[in-house]
Amino acid sequence: LDAKGEIKLVDFGLSLQTSQNIIKSNSLIGTPYYMAPECQEGFYSTKSDLWSVGVILYTLVSGYLPFQGKSQTELFNRINNLKFHFSHEEFKSVSKECKDLISQLLVKETSTRLSAAKAL
């Protein structure tokens, strides 16, 4: 939050502009809690960013990360198995539409994950 209480997003250290649909990397790309399943295999695309948007939205409306683990292995297993829920007390006041948007962003298969245009 800035001094006016407005939300600012940071941590674009790996950002780049590319015309490629998918980028292959030999190392992990991103912060583990926000990392899309395909990033664990070294693949990154704009759909990976949409996964991260889903994680951020979940966290903003509930105060919790959707995927947590005591180790990186446990965290990645939960991400790969889509182990998240809307049972936190805070979700009682979150609209069905918001939860539906999160559910369509936190989809393992990039081909069925929402695009930015469809999310908008």
Side-chain angles (χ1 to χ4, degrees):
L1 297 176
D2 69 9
K4 296 178 184 176
E6 295 178 0
I7 297 171
K8 304 290 181 183
L9 298 178
V10 297
D11 193 8
F12 296 100
L14 297 172
S15 297
L16 60 98
Q17 289 185 336
T18 182
S19 60
Q20 298 175 351
N21 290 331
I22 298 175
I23 298 169
K24 175 68 174 135
S25 174
N26 292 327
S27 60
L28 290 178
I29 300 172
T31 305
Y33 291 103
Y34 301 87
M35 191 181 296
E38 63 273 13
C39 294
Q40 296 171 32
E41 303 299 321
F43 294 99
Y44 175 83
S45 72
T46 56
K47 292 283 188 102
S48 306
D49 289 338
L50 273 293
W51 172 280
S52 298
V53 167
V55 172
I56 291 168
L57 182 55
Y58 184 103
T59 304
L60 286 173
V61 299
S62 71
Y64 298 94
L65 287 164
F67 306 100
Q68 298 184 36
K70 294 178 183 172
S71 67
Q72 185 167 296
T73 300
E74 183 180 345
L75 173 63
F76 286 171
N77 283 338
R78 288 176 185 234
I79 289 170
N80 283 317
N81 293 316
L82 298 175
K83 298 279 186 179
F84 74 96
H85 58 81
F86 296 118
S87 60
H88 296 295
E89 181 72 22
E90 290 77 5
F91 278 110
K92 288 184 179 178
S93 61
V94 174
S95 71
K96 178 188 178 304
E97 293 82 5
C98 182
K99 290 185 269 191
D100 186 51
L101 176 59
I102 293 167
S103 294
Q104 292 182 64
L105 292 169
L106 298 180
V107 172
K108 188 171 182 176
E109 289 298 321
T110 58
S111 61
T112 55
R113 190 179 306 152
L114 286 182
S115 66
K118 287 187 179 181
L120 184 61

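All values reported here derive from a predicted model rather than from experimental measurement.
Between Ile102 and Gly54, the shortest heavy-atom distance links the atoms CG2-O, 4.2 Å. For Val55 against Tyr33, the heavy-atom pair with the smallest separation is CG1-O, 3.7 Å. When all heavy atoms of Ala36 and Ser48 are compared, the closest pair comes out as CB-CA, 4.0 Å.
Scored by the side-chain contact (heavy atoms from CB on, under 4.5 Å) test, Ala119 finds Leu50, Leu101, Leu105, Leu114 as partners (sequence neighbours excluded). Listed by chain and residue number, Glu89 satisfy the salt bridge (charged side-chain N to carboxylate O under 4.0 Å, His left out) test with Lys92 (two or more places apart in sequence, or in another chain). Remark: Asp49 engages Tyr44 in a side-chain hydrogen bond (donor to acceptor under 3.5 Å, both in side chains) (not counting sequence neighbours). Take Gln104 and apply the side-chain hydrogen bond (donor to acceptor under 3.5 Å, both in side chains) test, not counting sequence neighbours, and it matches Asp100. Residues meeting the side-chain hydrogen bond (donor to acceptor under 3.5 Å, both in side chains) test with Glu74, sequence neighbours left out: Arg78. For Asn80, the side-chain hydrogen bond (donor to acceptor under 3.5 Å, both in side chains) criterion is met by Gln40, not counting sequence neighbours.
You'll find the side chain of Leu65 reaches within 4.5 Å of the side chain of Tyr34, heavy atoms only. Contact annotation: the side chain of Leu106 approaches that of Phe67 to within less than 4.5 Å [non-hydrogen atoms, C-beta and beyond]. Using a 4.5 Å heavy-atom threshold, the side chains of Ser62 and Val94 count as separate.
Using a distance-only test at 3.5 Å, with no hydrogens or angles considered, a donor-acceptor pair links the side chain of Ser45 to the main chain of Lys47.
Listed by first then second residue, pairs satisfying salt bridge (charged side-chain N to carboxylate O under 4.0 Å, His left out) with a partner in residues 105-120 read Glu38-Arg113, not counting sequence neighbours. Screening residues 96-120 for ring pair (Phe, Tyr, Trp, His ring centres under 6.0 Å), with sequence neighbours left out, gives no hits. Residue pairs meeting the ring pair (Phe, Tyr, Trp, His ring centres under 6.0 Å) criterion with at least one partner in residues 88-120, sequence neighbours excluded, are Tyr58-Phe91, Tyr64-His88, His85-His88, Phe86-Phe91.
Taking hydrophobic clusters as Ile, Leu, Val, Met, Phe, Trp and Tyr residues chained together by side-chain heavy-atom distances below 4.5 Å, Val107 does not share a cluster with Leu57.
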